[in-house]
Student: 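Below is the structure I would like to discuss, written out as C-alpha cells.
To find a chain, count down the sequence lines: A is the first, B the second, and so on, and within it residues start at 1.
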Amino acid sequence: MNDFKKASEDLSFVREAITRAHERTSPPSIYVLWGLITLAGMPLFDVDPRWGGMFFAFAGPIGGILSGVLGARFAKRIGQESREQASQHAMHWTAMMVAILGVVGLDASGAIEGPVAGRLILLIIAFAYFTAGLYLDRVELWLGLLTFACFVGMFFVHSYEWTITGIVIGAGLFLAAAFGGRRGSTRS
Amino acid sequence: MARRAPDPKQVASTDGGGFDRLFEHRLRLTIAVLLARNDRLSFARLKDVTGETDGNLGANLRKLEDAGYVAVAKEFADRKPVSWYSLNDAGRVALKAHLASLEALIAEANKPEP
C-alpha cells in the first residue's frame, strides 16, 4: 500500500468520524421546547395580534435562554463540548432575533402594516432555519423549507392562517425532535 | 494521583518527511482531529464516533497522552466517572504539521505527470 493510498484511506476514516460527531449538535428537547412555544403562541395571532406579540416578546428570549441551557446540558451529557460551536449557535439565533426586532420596530413606527410584519417575521424564521440547516444541524434545513411553505401558504389561506402555521411548524419541530439525526451517546 | 512522565521511547517524532509517527495510525489521527475541533470529548463520545473498542481506544489515547499531545481530566457525572480528553498545544502543533505534510503528499500525487 503506497503512502498516498494510505493517506487517502486514513483521511476517509477521519472524515467519517467527523461526520458522525456532527450529526446532531442540538438536543431533541430544544425542538420540543420550540414546538410547544409555537403551538401555544402562533394561534394567538388569529385571536388578537397583540396577544401573539406579547406572548413571543416573553417566550422568545426565555426560549432562547432555555435553549442555551439545554444545549449546554446536552453537550455535557453526550461528552462533546465546544465553545466555538456554542457561540455559533448563539450568534445565529441572536441574529435572527435582532432581525425580528427590526421588523417589530418597523411595525411599531407604522412603516409597515401588522400583517406584513407577521409575514416578514415568518420569512426571517424560515431563512434562519434554512441557513442553520446548512452549517449547524441538517434537520433545520427541512424546518426552514417547511416554514417557507407556510409563508407562501399565507398568500392563499385567509382564515386561521396563523393557527394552521403554528400546527404545521409545531408538528415539524416535534418530528425533528423524534427523527432528526442520531441522539449521540447517552453514556457520560 | 501523580501523572507519570512521558516515556521518551513513545514520544512521537517525525520521520524526516514531516509526518508524525503517532498520527500515522488512523485512529490516533482521528482522535487528534476530533479533539482539535472541540474543546474536549469524553471517552464514551470518542468511542461512539470512532466505533472502536474500549481497549483499542484506551491504548491509543494513552499513547497520545504519553507523548504529551492529549490531556485527560476525570470528573463525575451522576456519580459515574467520566474521562474528558483535550488536545494540548504540543498536540495542536504536531497535528498541524502532520496535516500539512499530508496535504503536500496528496497535492504531489495529484500533479499531472510531465
Student: Holding to ring pair (Phe, Tyr, Trp, His ring centres under 6.0 Å), I want the full list of residues that pass it with B:H98, two or more places apart in sequence or in another chain.
Tutor: B:F19, B:F23
Student: Is atom OH of A:Y160 surrounded by more than 12 heavy atoms (other residues, nucleotides or ligands) closer than 6.0 Å?
Tutor: no
Student: Other residues, nucleotides and ligands only: do more than 12 of their heavy atoms fall within 6.0 Å of CZ on A:F156?
Tutor: no
Student: Given that the side chain runs from C-beta out, which part of B:E103 has a heavy atom under 4.5 Å from chain A: side chain, backbone, both or neither?
Tutor: neither
Student: Please rank A:A17, A:A75, A:S82, A:S8 by heavy-atom pairs under 4.5 Å with chain B and give me the top one.
Tutor: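 Winner by heavy-atom pair count: A:S82.
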Student: Hey, is CG on A:D48 packed in by over 12 heavy atoms from elsewhere, all under 6.0 Å?
Tutor: yes
Student: Please, which pairs that meet ring pair (Phe, Tyr, Trp, His ring centres under 6.0 Å) have at least one residue in residues 46-73 of chain A, sequence neighbours excluded?
Tutor: A:F45-A:F56
Student: Please determine, among A:H22, A:Q80, A:E16, A:R15, the option with the most heavy-atom pairs under 4.5 Å with chain B.
Tutor: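 Heavy-atom pair counts peak at A:Q80.
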Student: Counting only heavy atoms closer than 4.5 Å, note whether B:E108 contacts chain A via side chain, backbone, both or neither.
Tutor: neither
Student: At a heavy-atom separation under 4.5 Å, does B:L34 approach chain A through its side chain, its backbone, both, or neither?
Tutor: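 The answer is the side chain of B:L34.
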